[in-house]
Protein chains: 2
Amino acid sequence: MGSPWKALSDDNRRKILLLLGKKDNMIPTEIAEHFKSTLPAISIQLRILKEADLIAERKLGKNRLYSLNRKKSLKLVEFFEDMYDYKLNSLKEYVENKEKKKKNNEN
Amino acid sequence: MGSPWKALSDDNRRKILLLLGKKDNMIPTEIAEHFKSTLPAISIQLRILKEADLIAERKLGKNRLYSLNRKKSLKLVEFFEDMYDYKLNSLKEYVENKEKKKKNNEN
DNA sequence: TATATAGTTATAGAACTATTTTAATATTAT
DNA sequence: ATAATATTAAAATAGTTCTATAACTATATA
């Protein structure tokens, strides 16, 4: 398991996360269209994000679908909570509800 | 101005931030006591955190006092908000109140 | 002024990171 | 089977980061 903080430290990787925040189940080719760099480069960034558990990968035919792992990102927000000695329950509840809704919508 | 995400990507630097979250106005020597590494190494980590605007430096005699810049950290939480398309007002208000209290206590 | 203290800066080596090009693999379609 | 497509893997290169040691700067004190 790679460090999620290292994974977040790259501009392109954070941009990928924002893309996946807007749209789940994107394929590498589609993601690469938003960047200047090559598909192999994007593939590596996706692997780093996956190894940091920030995104999830699903194989479907010859495609690989990538989606945000929202729960992991929440873990990172906990660092800021610790820094402020503050509990951020509202965000947790919000995301957990959103996850449930998503599951229900997936046929 | 250095990248705050790069600054956060190092374990020791995040540990420094947690230390400063518990106690403001720490000096490098005091911070270094919490680590295995040398004072020059800590000094460089503090510089990186300062250049990322995550901490503030104040000179007092031959000492340098370091404190968290809570507002900057909040900016980073906004990234997670963007990813979730969610506004985290409660945390903002909390930290802003805390800043005011701190200022009032500093005679 | 001399000395001690607190801290930074310079430098060098090891380890890590990112990107590109080229090749390899897996799946689907013909 | 063969070709086409989507994607990862490998190898080479370039650049960055971290740490330690040594040298330097600034302040305080005797």
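Here is how names work: the chains are called A, B, and so on, in the same order as the sequence lines, proteins then strands, and each is numbered from 1. Predicted, not measured: the structure shown is a model, and the values here were computed from it.
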Contact residues, residues 26-34 of chain A to DNA chain C [heavy atom, < 4.0 Å]: none

Length of the line joining A:L49:CG and D:dT8:P, which is rounded to integer Å: 12 Å

Contact pattern, 5' to 3', of nucleotides 17-30 of chain C - B, S or - by protein heavy atom under 4.0 Å: SSBBBB----SS--

Shared-cluster residues of A:I27, by chain and number - hydrophobic side chains joined below 4.5 Å: A:L60, A:L65

Output a table of donor-acceptor pairs, distance under 3.5 Å, between side-chain atoms of residues 40-47 of chain B and any protein atom two or more places apart or on a different chain; print 'none' if there are none.
| from | atom 1 | to | atom 2 | distance (Å) |
| --- | --- | --- | --- | --- |
| B:Q45 | OE1 | B:R13 | NH1 | 2.7 |

B:M1: hydrophobic cluster co-members (side-chain, 4.5 Å): none

Sugar-phosphate only, base, or nothing, as touched by A:Y66 at under 4.0 Å among non-hydrogen atoms: sugar-phosphate

Salt bridge flag under 4.0 Å for residues A:D24 and A:R58: no

Shortest side-chain distance from B:N63, nucleotide among C:dT9, C:dA6, D:dT8: C:dA6

Side chain to side chain contact (heavy atoms under 4.5 Å, CB included) partners for B:A52, two or more places apart: B:P4, B:A7, B:L54

Sequence neighbours excluded - ring pair (Phe, Tyr, Trp, His ring centres under 6.0 Å) pairs with any residue from residues 40-67 of chain A: none

Euclidean distance, atom CG of residue B:D11 to atom C1' of C:dA15 [Å, nearest integer]: 15 Å

Spacing between A:L39 atom CG and D:dT8 atom C1', to the nearest angstrom: 9 Å

All pairs passing ring pair (Phe, Tyr, Trp, His ring centres under 6.0 Å) where residues 9-42 of chain A contributes a residue, at least two apart: none

Salt bridge (charged side-chain N to carboxylate O under 4.0 Å, His left out) partners for B:E30, two or more places apart: B:K23

